[in-house]
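Report on the following structure.
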Amino acid sequence: MRYIHYQSILLNSDMLKINLIFTHNIRHLVLNFMTTFLKISTQIFKPSFFLILLSTVLVSACDTMPAVSDDTGKKVKLEEQIAEPAGQEAKVTPQGVTEESAGNEEKASKTQVQLDENSLYYLLAAEFAGNVGDVDASLKYYREAAKSIEDSRIAARTAYIALYGEDYDEALSALNRWRELEPDSTDLPGMYATVYLKLGQPEKAVPYVEVILSDSHGTSVDEAMAVKQLLAKEASTEDAYFVLQKLNEREDKNRHLLVLQSRYAAQLKQYDEAMDLLDQVLEMDPSLYEVLIIKSRILTAQGKHEEAAAILKQVLDELPDNNALRLQYARMLIEQRKISAATEQYSILYEKLPDDEEVSLSLALLYIETQKLEEAVEVLEHLVEIDKKVPVANYYLGRISQNQGDDKRAVAYYLRVNSGEYSFDAQLRIGILLAILGKPDEGLAKLERLAEVHSDWTLRVKSYLAQGEILRDQKRYKEGVEMYTRALQQKHDDTNLLYARGLMAEKVDRLDMAEADLLTVISKEPDNANALNALGYTLADRTARYKEAQGYIKRAAALVPDDPAILDSLGWVSYRLGEMDEAIKWLSKAFEKLEDAEIAAHYGEVLWHNNQKDKAREIWNKGKAQNATNPVLVETLNRLKPQ
């Protein structure tokens with residue numbers, strides 16, 4: 001009774017289709033059962049039974065077995081045809097057979113094919129294997145079926161499955177069998193070309209690509225698109241270039257294929273070859289401005305920016321209404337740091353495309369960089385009015401207000417930046433500005449909340465450092481040390497926080513903590529010039545360990561030779577060591593690079609003790625002009641009493 005039950009299921013085509021929605025594991029069980037059952041049953045039932053069963057199985061499986069179809073080209077503009085080639089291999093994906101190949105199957109179906117028991121078994125097993133995604137098994141059974149069945153459809157399906165399974169040698173064998181059975185199949189050239197390209201044998205692919213082109217009834221653009229799609233999917237950059245090189249040796253030149261070859265030549269850094277090919281195209285048709293654009297890109301890749309810009313300018317003069325070209329030219333000018341010229345081009349684009357958010361934002365940023373702040377504000381406010389890039393526009397409006405010293409207006413703008421990539425920085429600036437506006441505790445509270453709501457540690461560190469700056473400005477050094485200590489409990493080895501706490505600890509005379517923190521930073525980051533300089537300066541200024549201090553500072557100077565702060569430290573430790581000439585040399589160099597109040601305090605003191613009192617007063621006056629309340633300068637003047 002159990003055997004009859006299974007037989008009735010197999011004869012019911014509706015029930016057999018249920019196999020298509022089984023789970024993956026159940027499908028494998030069904031496959032195992034079917035192969036065993038079929039092997040036994042072929043000895044019992046007549047072939048007609050299996051013809052019925054085979055037709056049912058093939059119908060249900062045709063939607064799941066992989067097949068490979070040729071890409072169908074469609075007419076496109078030249079600029080689309082010359083788009084950058086992919087230059088990378090792509091896997092063939094399962095898809096339905098082409099209409100043409102389907103027609104071939106319909107034609108072949110008129111031929112009576114005799115199937116013996118083994119052939120039926122192989123076909124059924126192949127389809128069931130494919131139905132559960134076992135490509136290797138499906139290929140194995142189809143290979144056996146193709147040997148004995150004189151039907152090109154079986155050979156073709158074997159080739160498709162082998163190609164899908166990336167067994168290219170097997171695909172080639174199946175193609176040869178297919179050609180033997182159906183030499184006039186129009187699908188064969190494309191399949192041969194694909195397989196030979198996958199095998200890395202472009203010289204063997206070329207004749208088949210030529211057949212595809214000769215049988216094509218499309219335009220030259222259609223031909224180029226077909227070749228481009230084939231090469232982009234199936235060939236390496238080197239092999240694609242070889243194929244195009246051979247195709248372009250024909251007398252009847254296709255200018256679009258020449259352009260495509262130039263693209264691949266440029267990818268291979270054969271720039272002279274690429275330019276020669278484009279010159280050939282321009283000789284054939286001088287009106288192809290797109291080719292000039294490609295030449296400019298190749299020149300840019302070679303670092304010949306001036307020549308590239310000149311070509312684009314030439315084309316733009318001929319096509320002044322081509323906004324895409326003008327945008328490309330403007331971007332090239334920015335890359336060349338020709339900001340004024342780029343601003344002019346973006347201004348033209350802004351007039352033509354006032355609602356283009358990218359053009360508007362780019363123009364606003366260029367105005368900011370060139371200090372045309374009124375113009376920048378006008379463009380940014382326009383973005384807000386048209387409801388595009390609103391958070392970004394408000395952020396930069398806040399930055400402009402902050403730089404102009406209008407802190408209240410800046411806060412108002414920053415409060416409107418509640419989303420997007422600038423949201424965190426806007427909130428950070430609000431906290432800092434609240435302190436500047438006389439509300440330090442409110443600012444600190446906001447920054448603390450900002451740290452709490454973000455899980456990103458990098459952002460939290462920025463918030464802690466901003467709190468530290470407020471506390472330093474308020475001279476609340478002890479609170480600063482405590483705040484950094486709490487933050488370090490979350491991540492004890494964060495070098496940014498250790499460095500900041502080390503500097504703050506020195507202010508509360510915790511030299512042990514300062515030295516320990518800075519040494520920890522240096523142990524983790526031996527090339528951290530700031531930590532080396534800070535430790536060296538602290539030892540030189542607060543201890544008598546001058547030689548040790550000088551060693552740290554010299555290490556920092558070797559890393560950043562012209563940093564004014566490090567030069568100042570070199571001068572100060574030289575002074576502590578009694579090396580007056582060295583001290584004056586380094587301090588004068590530091591003050592020349594940066595007229596800072598603290599550097600002025602050190603430089604003036606060394607000059608004072610070197611009997612250059614008039615020059616010392618001159619330097620101190622310059623320091624007071626920069627920052628008359630600087631604590632180091634104030635302490636120096638009170639101690640030396642130069643008046």
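A quick note: this is a predicted structure, and the numbers were derived from the prediction, not measured.
A salt bridge between Asp541 and Arg576 is present, with a side-chain N of the basic residue lying under 4.0 Å from a carboxylate O of the acidic one. In this structure, Arg542 pairs ionically with Asp509, as a charged nitrogen and a carboxylate oxygen lie closer than 4.0 Å. By the 4.0 Å N-to-carboxylate-O rule, Asp441 lies close enough to Arg476 to be salt-bridged with it. One finds a salt bridge joining Lys389 and Glu358 here, because a Lys/Arg side-chain nitrogen approaches an Asp/Glu carboxylate oxygen to under 4.0 Å. Ion pairing between Arg501 and Glu482 fails under the 4.0 Å rule for side-chain N and carboxylate O. Between Arg639 and Glu605 there is a salt bridge, with a side-chain nitrogen of the basic residue lying less than 4.0 Å from a carboxylate oxygen of the acidic one. Of the charged side-chain nitrogens involved, none lies within less than 4.0 Å of a carboxylate oxygen, so that Lys491 and Asp493 do not count as a salt-bridged pair.
Residues Tyr395 and Asp425 bring a donor and an acceptor atom of their side chains to less than 3.5 Å of each other. Between Glu506 and Thr538, the side chains place no donor N or O within less than 3.5 Å of an acceptor N or O (distance only, hydrogens not considered). Inspection of the Arg409 and Gln404 side chains reveals no N or O donor paired with an N or O acceptor under 3.5 Å. With no hydrogens or angles considered, a side-chain donor-acceptor pair links Tyr422 and Tyr396 at under 3.5 Å.
Within a 6.0 Å sphere centred on NZ of Lys439, other residues, nucleotides and ligands contribute 12 heavy atoms or fewer. A 6.0 Å sphere centred on NZ of Lys388 holds more than 12 heavy atoms belonging to other residues, nucleotides or ligands.
The distance between the ring centers of Phe424 and His454 falls below 6.0 angstrom. A centroid separation of less than 6.0 Å is found between the aromatic rings of Tyr350 and His382.
Under the rule for a side-chain contact (heavy atoms from CB on, under 4.5 Å), the partners of Asp407 that lie at least two apart in sequence or sit in another chain are Gln402, Leu433, Ile436, Leu437.
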